[in-house]
Amino acid sequence: MSWLCFLTFGLLFGALWAKEAWGHYWTWDPKETWAFITWMGYLVYIHRRYQKPSKYVSALWILALAFVILLVCWFGVNYLPSAQFSVHTYSMQP
């Protein structure tokens, strides 16, 4: 559960840092949006796990989907057409 706290702090402190760096808390950048979707996926998993603990199979499916979303956030965002204008792309271009 501490990992959700780290994700939450990462989103909050990232927004504060973005306000100082670029003048906006949130710009709907693909990386920012997918980070929020990742956070929501894990939050849905936690809620499902605590609301219906006996239905752990559906919670595991949600967890697997949240992990796939996390992989998209880490690796897949750079392949989106809108990511070419993003400040969060990490490609090695000369």
Side-chain angles (χ1 to χ4, degrees):
M1 183 105 123
S2 62
W3 46 269
L4 185 67
C5 292
F6 286 121
L7 284 174
T8 304
F9 285 139
L11 283 174
L12 293 175
F13 288 127
L16 292 173
W17 179 81
K19 176 68 174 169
E20 290 294 320
W22 297 301
H24 301 286
Y25 290 108
W26 192 267
T27 60
W28 292 104
D29 189 79
K31 191 65 137 178
E32 294 171 354
T33 306
W34 277 97
F36 179 70
I37 293 169
T38 302
W39 181 78
M40 288 297 293
Y42 284 108
L43 190 64
V44 166
Y45 163 72
I46 287 174
H47 279 282
R48 178 66 176 188
R49 200 67 180 117
Y50 283 117
Q51 293 298 322
K52 299 187 180 187
S54 62
K55 298 191 177 193
Y56 62 91
V57 174
S58 63
L60 289 177
W61 279 106
I62 293 170
L63 184 62
L65 178 65
F67 183 71
V68 169
I69 292 170
L70 177 68
L71 292 177
V72 170
C73 182
W74 279 345
F75 304 115
V77 170
N78 292 336
Y79 297 109
L80 294 173
S82 60
Q84 62 184 334
F85 303 109
S86 172
V87 295
H88 293 100
T89 53
Y90 310 115
S91 60
M92 302 295 288
Q93 297 178 0

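Scored by the side-chain contact (heavy atoms from CB on, under 4.5 Å) test, I69 finds W34, I37, T38, L65 as partners (sequence neighbours excluded). Residues that satisfy the ring pair (Phe, Tyr, Trp, His ring centres under 6.0 Å) test with W61, not counting sequence neighbours, are absent from this structure. Applying the side-chain contact (heavy atoms from CB on, under 4.5 Å) criterion to F75, with sequence neighbours excluded, gives L71. Listed by chain and residue number, K52, K55, S58, A59, I62 satisfy the side-chain contact (heavy atoms from CB on, under 4.5 Å) test with R48 (two or more places apart in sequence, or in another chain). The ring pair (Phe, Tyr, Trp, His ring centres under 6.0 Å) search around Y45 returns none, not counting sequence neighbours.
Here the closest non-hydrogen pair linking E32 and W26 is O-CH2, 3.1 Å. When all heavy atoms are compared, the tightest approach of Y25 to A15 is CD2-O, 3.4 Å. Contact between W22 and W17 at its shortest, heavy atoms only, is CH2-CZ3, 3.4 Å.
There is a path of hydrophobic side-chain contacts, each under 4.5 Å, that joins F67 to L63.
With contacts defined as side-chain heavy-atom distances shorter than 4.5 Å, the pair F36/M40 qualifies.
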Could you tabulate the donor-acceptor pairs under 3.5 Å formed by side-chain atoms of residues 4-11, not counting sequence neighbours?
{"residue": "T8", "atom": "OG1", "partner": "L4", "partner atom": "O", "Å": "2.8"}
{"residue": "T8", "atom": "OG1", "partner": "W39", "partner atom": "NE1", "Å": "2.7"}

